[in-house]
A.B. asks: 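Provided herewith is a single structure, encoded as structure tokens, for subsequent inquiry.
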2 protein chains.
Amino acid sequence: MGIKERKEREKGARREEIINAAERIFFEKGFAPATMDEIAESAELSKGTLYLYYKSKEDLYIAVLLRGSEIMYEMFKKAIATDENPIRHLFNLGEAYFAYFQEQRNYFRMYYFLENPRIHSQVSSEMMEQCELLDTRIWDLVVGIIRRAVEGGLLRDDVDPLEAGVMLWSNSNGLMRLIDRDEWAWTGKHGLNLEAMLRKANKLLVQAMMTEKAKASFDDLVTPARP
Amino acid sequence: MGIKERKEREKGARREEIINAAERIFFEKGFAPATMDEIAESAELSKGTLYLYYKSKEDLYIAVLLRGSEIMYEMFKKAIATDENPIRHLFNLGEAYFAYFQEQRNYFRMYYFLENPRIHSQVSSEMMEQCELLDTRIWDLVVGIIRRAVEGGLLRDDVDPLEAGVMLWSNSNGLMRLIDRDEWAWTGKHGLNLEAMLRKANKLLVQAMMTEKAKASFDDLVTPARP
DNA sequence: TCGATCAATGACTATAAGTCATTTATTAGG
DNA sequence: CCTAATAAATGACTTATAGTCATTGATCGA
């Protein structure tokens with residue numbers, strides 16, 4: 001008797017359809033100006049039904065976000081699925097994060113709106129758990145690469161992998177948010193190349209953590225192998 | 001006949017009283033959960049009166065924020081009102097920004113909630129202009145110090161002062177927001193010292209921009225003079 | 001075929017931003 | 001001191017939207 005299974009599937013599909021609709025509206029308008037009625041209409045459902053599948057507007061917002069984090073995780077995994085050295089992997093991760101920022105800007109924005117505590121406090125615990133799970137998976141990836149770079153003698157052994165990860169991450173975030181918020185003011189008016197600055201700052205930070213030996217062969221390490 | 005002048009003064013005072021009330025409520029609850037009725041009650045005025053003095057909730061929010069920026073500007077000015085060298089001034093500015101972050105956390109938070117475009121779009125043009133004016137004044141301060149460091153041969157002459165400023169600023173912001181958002185997760189659970197990391201990252205970035213000569217006497221440059 | 005269970009609906013409630021006709025206070029002139 | 005004119009303040013009202021729940025409709029198992 002596959003009825004239970006089919007119902008389960010249909011329920012899942014409906015949840016997805018709702019996320020699709022919510023995504024369209026949130027991408028277009030952001031959190032506050034988006035209305036549940038709009039999302040319901042876009043999903044061709046009544047508002048009541050939305051609340052059958054998601055506890056609150058905030059929960060729905062997080063559900064959309066989780067897709068973004070899933071995409072980021074996949075991009076990160078692909079970035080280090082090569083047999084290159086850990087330093088190269090680290091730069092690959094940096095490039096992957098920047099690519100995510102460029103190609104998935106809507107998700108990036110949504111994620112950082114999260115800092116608003118308003119959202120946080122209205123989210124169901126299941127959603128929070130899923131968020132933390134994905135967060136952990138992504139951090140494990142990043143920290144793992146840095147640890148291997150330390151173990152392989154490429155980064156100094158007084159480098160704490162988590163600390164290094166946080167430093168690079170927050171440096172990238174700071175600039176990306178600046179770019180996202182008012183890129184034009186900096187690039188157009190003052191002629192800055194923010195993307196190049198981001199690469200430069202991260203490179204400086206990584207170099208400052210490298211062993212003398214690794215620094216000497218920096219170019220070999222970070223240049224992609226030519227077959 | 002000073003009646004007109006007195007009225008002007010009283011109007012200004014009332015505007016201040018309203019900001020005081022709004023500040024109390026916004027500090028306590030953040031933007032969305034704060035209500036205009038609450039603010040009105042806290043100011044011992046009716047809601048209608050609030051709208052006589054400020055165009056919208058968003059405008060009132062910005063008015064509070066401007067106080068914060070004013071405080072930051074004063075702190076920055078004081079940080080460089082010494083006869084020390086420009087590198088030392090640059091570190092002073094970094095310390096001043098961190099002090100602002102620690103001592104005026106509420107303003108810091110409010111400022112970064114600004115990134116929410118919802119707010120932006122509802123603000124009157126007068127408020128926007130005031131914001132930009134203060135922003136410009138602060139940036140002029142920072143960029144001016146870096147320019148003097150370049151001119152004085154302490155930073156390499158291929159360093160663009162604005163670019164350097166943006167790099168240091170966004171690096172600091174990235175970490176401060178991380179600290180603000182979930183300091184405990186990093187310090188408590190993983191034993192990181194985020195404050196030390198912030199200083200370290202900024203130091204690395206500055207050192208990477210210094211001339212060889214200045215780097216050689218780094219300690220002398222950044223150590224406060226002992227009389 | 002029919003009662004039971006599950007899914008969906010939309011009218012309804014509560015809350016909060018913003019408005020405006022009315023009321024209250026202040027000023028200037030006679 | 002009185003009064004008309006002007007300015008300031010009020011709060012009931014309008015509108016918008018998140019979230020609820022009694023009712024309706026669909027699907028299932030026997």
A.B. asks: So, A:Glu23 and A:Tyr107: side-chain donor and acceptor under 3.5 Å apart, yes or no?
C.D. replies: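 There is such a pair between these side chains.
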A.B. asks: Calculate the interatomic distance between B:Lys55 atom NZ and C:dA17 atom P; express it in whole Å.
C.D. replies: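 Checked: the NZ to P distance equals 18 Å.
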A.B. asks: Please determine, for the side chain of B:Thr35, which listed nucleotide (C:dG18, C:dA16, D:dA18) has the closest atom?
C.D. replies: C:dA16
A.B. asks: Starting from C1' on C:dA8, measure out to CD on A:Glu17 and report it in whole angstrom.
C.D. replies: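 The distance from CD of A:Glu17 to C1' of C:dA8 comes to 13 Å, rounded to the nearest Å.
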A.B. asks: Are A:Arg177 and A:Phe108 in a cation-pi setup, meaning NZ or CZ lies under 6.0 angstrom from the ring centre and within 45 degrees of the ring axis?
C.D. replies: no
A.B. asks: With a distance cut-off below 6.0 Å to the six-membered ring centre and an angular limit of 45° from the axis, does B:Arg137 pair with B:Phe76 as a cation-pi contact?
C.D. replies: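 The answer is no; the distance or angle limit is not met.
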A.B. asks: For the CD atom on A:Glu41, are there more than 12 heavy atoms of other groups (residues, nucleotides or ligands in this structure) within a distance under 6.0 Å?
C.D. replies: no
A.B. asks: What is the separation between atom CG on A:Asp37 and atom P on D:dA16, rounded to the nearest whole Å?
C.D. replies: 12 Å
A.B. asks: How many Å lie between CD on A:Glu10 and C1' on D:dA26, as a whole number?
C.D. replies: 12 Å
A.B. asks: Whole-Å distance between D:dT17 P and A:Leu50 CG?
C.D. replies: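 Value for this atom pair: 15 Å.
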A.B. asks: Of all the choices, D:dA9, C:dA8, D:dG19, which nucleotide is nearest to the side chain of B:Thr49 once you look at every atom?
C.D. replies: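 Per side-chain heavy atoms of B:Thr49, the pick is D:dA9.
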A.B. asks: On the ring face of A:Phe27, is A:Arg109 found with NZ or CZ under 6.0 Å from the centre and within 45° of the axis?
C.D. replies: no
A.B. asks: Of the candidate nucleotides C:dA17, D:dA18, C:dA8, which contains the atom at the shortest distance from the side chain of A:Met36?
C.D. replies: D:dA18
A.B. asks: If a pair means Watson-Crick or G-U wobble with both distances below 3.5 Å, what does DNA chain D look like in dot-bracket form, with | marking bases paired to a different strand?
C.D. replies: ||||||||||||||||||||||||||||||
A.B. asks: Quickly work out the A:Glu44 CD to C:dT9 P distance and round it to whole Å.
C.D. replies: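 These atoms are roughly 10 Å apart.
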A.B. asks: What residues from residues 57-67 of chain B pass a heavy-atom cutoff of under 4.0 Å to DNA chain D?
C.D. replies: none
A.B. asks: D:dA8 C1' sits how many Å from B:Leu45 CG, rounded?
C.D. replies: 11 Å
A.B. asks: Answer yes or no for B:Arg105 and B:Phe101: cation-pi contact, defined as NZ/CZ to six-membered ring centre under 6.0 Å and angle to ring axis within 45°.
C.D. replies: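 The answer is yes, since B:Arg105 meets both limits relative to B:Phe101.
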A.B. asks: Taking OP1 and OP2 of C:dT26, is either one under 4.0 Å from a side-chain nitrogen or oxygen of B:Arg6?
C.D. replies: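 No, outside the criterion.
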A.B. asks: Is atom CD of B:Glu44 surrounded by more than 12 heavy atoms (other residues, nucleotides or ligands) closer than 6.0 Å?
C.D. replies: no
A.B. asks: For A:Glu183, does the CD atom have more than 12 heavy-atom neighbours from other residues, nucleotides or ligands under 6.0 Å away?
C.D. replies: yes
A.B. asks: Has A:Ser46 got a side-chain N or O lying under 4.0 Å from the OP1 or OP2 atom of C:dA8?
C.D. replies: no
A.B. asks: Name the nucleic acid region contacted by B:Ala34, choosing base, sugar-phosphate or nothing; use a 4.0 angstrom heavy-atom cut-off, strictly under.
C.D. replies: sugar-phosphate
A.B. asks: Look at B:Tyr53 and D:dA9 and indicate whether a side-chain polar atom (N or O) is within less than 4.0 Å of OP1 or OP2.
C.D. replies: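 For B:Tyr53, the contact criterion (side-chain N or O under 4.0 Å from OP1 or OP2 of D:dA9) is met.
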A.B. asks: If I take atom NZ in residue A:Lys47 and atom P in nucleotide C:dG10, what distance separates them, rounded to the nearest angstrom?
C.D. replies: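 Checked: the NZ to P distance equals 12 Å.
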A.B. asks: How would you list, by chain and number, every residue that makes a salt bridge (Lys or Arg N to Asp or Glu O under 4.0 Å) with B:Lys57, sequence neighbours excluded?
C.D. replies: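 So B:Lys57 forms no salt bridge (Lys or Arg N to Asp or Glu O under 4.0 Å) with any residue.
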A.B. asks: Among D:dA18, C:dT9, D:dT10, which is the nearest nucleotide to the side chain of A:Leu52?
C.D. replies: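 The closest nucleotide is C:dT9.
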A.B. asks: Could you check whether atom CD of A:Glu70 has more than 12 heavy atoms from other residues, nucleotides or ligands sitting under 6.0 Å from it?
C.D. replies: yes
